[in-house]
Engineer: 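The structure is given below, and queries will be raised subsequently.
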Amino acid sequence: MSAEYEKLRQCYESIRRQTDFQPKLAVVLGSGLGEFAETIRVVDTVEYSAIEGFPTSTVQGHRGRFVFGYVGAVPVVIMQGRVHYYEGYAMTDVVLPIRLMKMLGAEILMVTNASGGINEQFQAGDLMLITDQIATWIPSPLRGENLEELGTRFPDMTEAYDKELRAIVTRTANRLEIPIQKGVYIQFAGPQFETPAEIRMARAVGADAVGMSTACEVIAARHMGMRVCGISCVANMAAGMTGKPLLHEEVQQYADAAAPRFQKLLTASIQEIARSIH
């Protein structure tokens, strides 16, 4: 057994000593979106710091705990705060929570984040359904010896974001009359915001929104066979597009403003996915 898989098992055994909850769906909440976890019927909470060997988030606005409970009748596990590569962790630690939620029973992963808008048709506060991703500028979480216990050496990424799940979220947004953009998400390492030249490059390669998380998590999830859906809150327009400097406080401000629409869409989408997927 590799040291990486042994650490994962250690985290699993540690969390199982604290809860026996069996989730079917996992949710990762991004910057400014953590309050969604307060809206569900909570059964258990486990602080990241209480899990042996588990990495902990140091980013302002990220609570740092798992929340177990129900969205309607759907059993979920929610990451209230994620770990970022720029915090100094190894990429295997960044995706460890995703792998752990799969081991706990989750078969579907819904990722959310706050992003910078690259598409000139977007504006701050938009919600964007992620249709695909670009992870070329970050290390792959699968680099090194393959963890055969988790998945294949060369996982297919043709449908990184599940087509059926995307259709469900689109229908749900239309039914709720919540406007939603669609686009490709690109992850850079951070923590510095991108330069205008980097944003022009990202636009040239087909990206619509940029951030510092998510793509690596999706790679790990697909490696384990999870079906993935992603929604990004465009919290600001990216560097060079408005002529103004970028501030983390601005990201949080716009994410907070979009939170009611986001929570409504996420709640309804989770319930609709559970009804549609067997």
Side-chain angles (χ1 to χ4, degrees), residues 1-31 33-59 61-84 87 89-90 92-113 141 147 149-151 165 213-214 216-218 220-230 263 266-267 269-271 273-275 277-278:
M1 184 186 299
S2 69
E4 190 178 330
Y5 187 71
E6 190 173 342
K7 182 176 184 178
L8 183 60
R9 288 293 310 178
Q10 180 185 54
C11 289
Y12 174 80
E13 290 166 5
S14 177
I15 203 169
R16 273 294 173 233
R17 287 193 290 270
Q18 300 175 68
T19 180
D20 60 358
F21 191 89
Q22 298 284 333
K24 295 297 182 186
L25 186 146
V27 182
V28 181
L29 297 176
S31 296
L33 303 174
E35 292 305 310
F36 174 77
E38 315 296 338
T39 69
I40 76 165
R41 179 159 61 89
V42 178
V43 173
D44 279 319
T45 61
V46 178
E47 301 290 328
Y48 296 162
S49 58
I51 304 171
E52 191 175 349
F54 194 89
T56 55
S57 175
T58 62
V59 182
H62 285 249
R63 177 69 181 267
R65 65 176 184 170
F66 283 116
V67 177
F68 298 89
Y70 292 89
V71 175
V74 187
V76 301
V77 53
I78 295 175
M79 282 188 72
Q80 199 173 19
R82 56 156 52 92
V83 180
H84 300 78
E87 294 177 78
Y89 291 106
T92 50
D93 280 341
V94 175
V95 303
L96 184 150
I98 303 299
R99 290 168 165 167
L100 182 56
M101 291 190 292
K102 173 64 164 66
M103 291 179 69
L104 291 171
E107 296 293 339
I108 293 173
L109 173 67
M110 295 195 73
V111 287
T112 72
N113 58 50
L147 301 183
E149 301 93 339
L150 303 185
L165 300 185
S213 66
T214 305
C216 57
E217 299 166 343
V218 172
R222 293 298 300 133
H223 180 236
M224 295 184 76
M226 298 182 82
R227 300 176 68 178
V228 179
C229 185
Q263 291 177 10
L266 192 56
T267 298
S269 295
I270 288 172
Q271 293 175 308
I273 285 170
R275 280 193 290 267
I277 304 299
H278 301 288

Engineer: Scan side-chain atoms only and decide if Asn113 and Ser213 contain a donor-acceptor pair under the 3.5 Å cut-off.
Structural biologist: no
Engineer: Once you round to the nearest 0.5 Å, how far does CD1 of Ile51 lie from CG of Leu96?
Structural biologist: 9.0 Å
Engineer: Check the pair Phe36 / Val67 against side-chain contact (heavy atoms from CB on, under 4.5 Å), numbers first and verdict last.
Structural biologist: CA-CA 10 Å; Phe36 174 77; Val67 177; over 6 Å; no
Engineer: Has Glu87 got a side-chain atom pairing as donor or acceptor with His84's backbone, closer than 3.5 angstrom?
Structural biologist: yes
Engineer: With rounding to the nearest 0.5 angstrom, report the NZ to OH distance, Lys24 to Tyr70.
Structural biologist: 10.0 Å
Engineer: Examine distances only and state if a side-chain atom of Thr267 and a backbone atom of Gln263 form a donor-acceptor pair shorter than 3.5 Å.
Structural biologist: yes
Engineer: Which heavy atom in Thr92 sits nearest to a heavy atom in Pro141, and how many Å separate them?
Structural biologist: CG2-O, 4.0 Å
Engineer: Evaluate the criterion side-chain contact (heavy atoms from CB on, under 4.5 Å) for residue pair Leu266 and Thr39; output intermediate values, then yes/no.
Structural biologist: CA-CA 11 Å; Leu266 192 56; Thr39 69; over 6 Å; no
Engineer: Using 0.5 Å steps for rounding, measure from the CD1 atom of Ile78 to the CD1 atom of Ile270.
Structural biologist: 6.5 Å
Engineer: Between Arg41 and Gly72, which heavy-atom pair has the shortest distance, and what is it?
Structural biologist: NH2-O, 4.2 Å
Engineer: Out of curiosity, Leu29 CG to Gln80 CD, how far, rounded to the nearest 0.5 Å?
Structural biologist: 6.5 Å
Engineer: Would you give the length of the straight line joining atom CG of Leu8 to atom CG of Asp93, rounded to the nearest 0.5 angstrom?
Structural biologist: 10.5 Å
Engineer: Report yes or no: does Tyr48 contribute a side-chain atom to a donor-acceptor pair with the main-chain N or O of Gly81 at less than 3.5 Å?
Structural biologist: yes
Engineer: Which heavy atom in Phe68 sits nearest to a heavy atom in Ile40, and how many Å separate them?
Structural biologist: C-CD1, 4.5 Å
Engineer: Kindly indicate, with the supporting measurements, whether the criterion side-chain contact (heavy atoms from CB on, under 4.5 Å) is fulfilled by Asp44 and Gln18.
Structural biologist: CA-CA 9 Å; Asp44 279 319; Gln18 300 175 68; over 6 Å; no
Engineer: Which heavy atom of His223 sits nearest to which heavy atom of Leu147, and what is that distance?
Structural biologist: CE1-O, 4.0 Å
Engineer: For Gln22, give me all partners under side chain to side chain contact (heavy atoms under 4.5 Å, CB included), at least two apart in sequence or on another chain.
Structural biologist: Arg16
Engineer: Run the numbers on Glu52 and Arg17 for salt bridge (charged side-chain N to carboxylate O under 4.0 Å, His left out), then give the verdict.
Structural biologist: CA-CA 11 Å; Glu52 191 175 349; Arg17 287 193 290 270; 3.6 Å; yes
Engineer: Indicate, with yes or no, if the rings of Phe21 and Phe66 have centres closer together than 6.0 Å.
Structural biologist: no
Engineer: Can I get a per-line list of side-chain donor-acceptor pairs under 3.5 Å for residues 98-112, giving both atom names and the distance, sequence neighbours left out?
Structural biologist:
{"from": "Arg99", "atom 1": "NH1", "to": "Glu4", "atom 2": "OE2", "distance (Å)": "2.8"}
{"from": "Thr112", "atom 1": "OG1", "to": "Val28", "atom 2": "O", "distance (Å)": "2.7"}
{"from": "Thr112", "atom 1": "OG1", "to": "Gly30", "atom 2": "N", "distance (Å)": "3.0"}

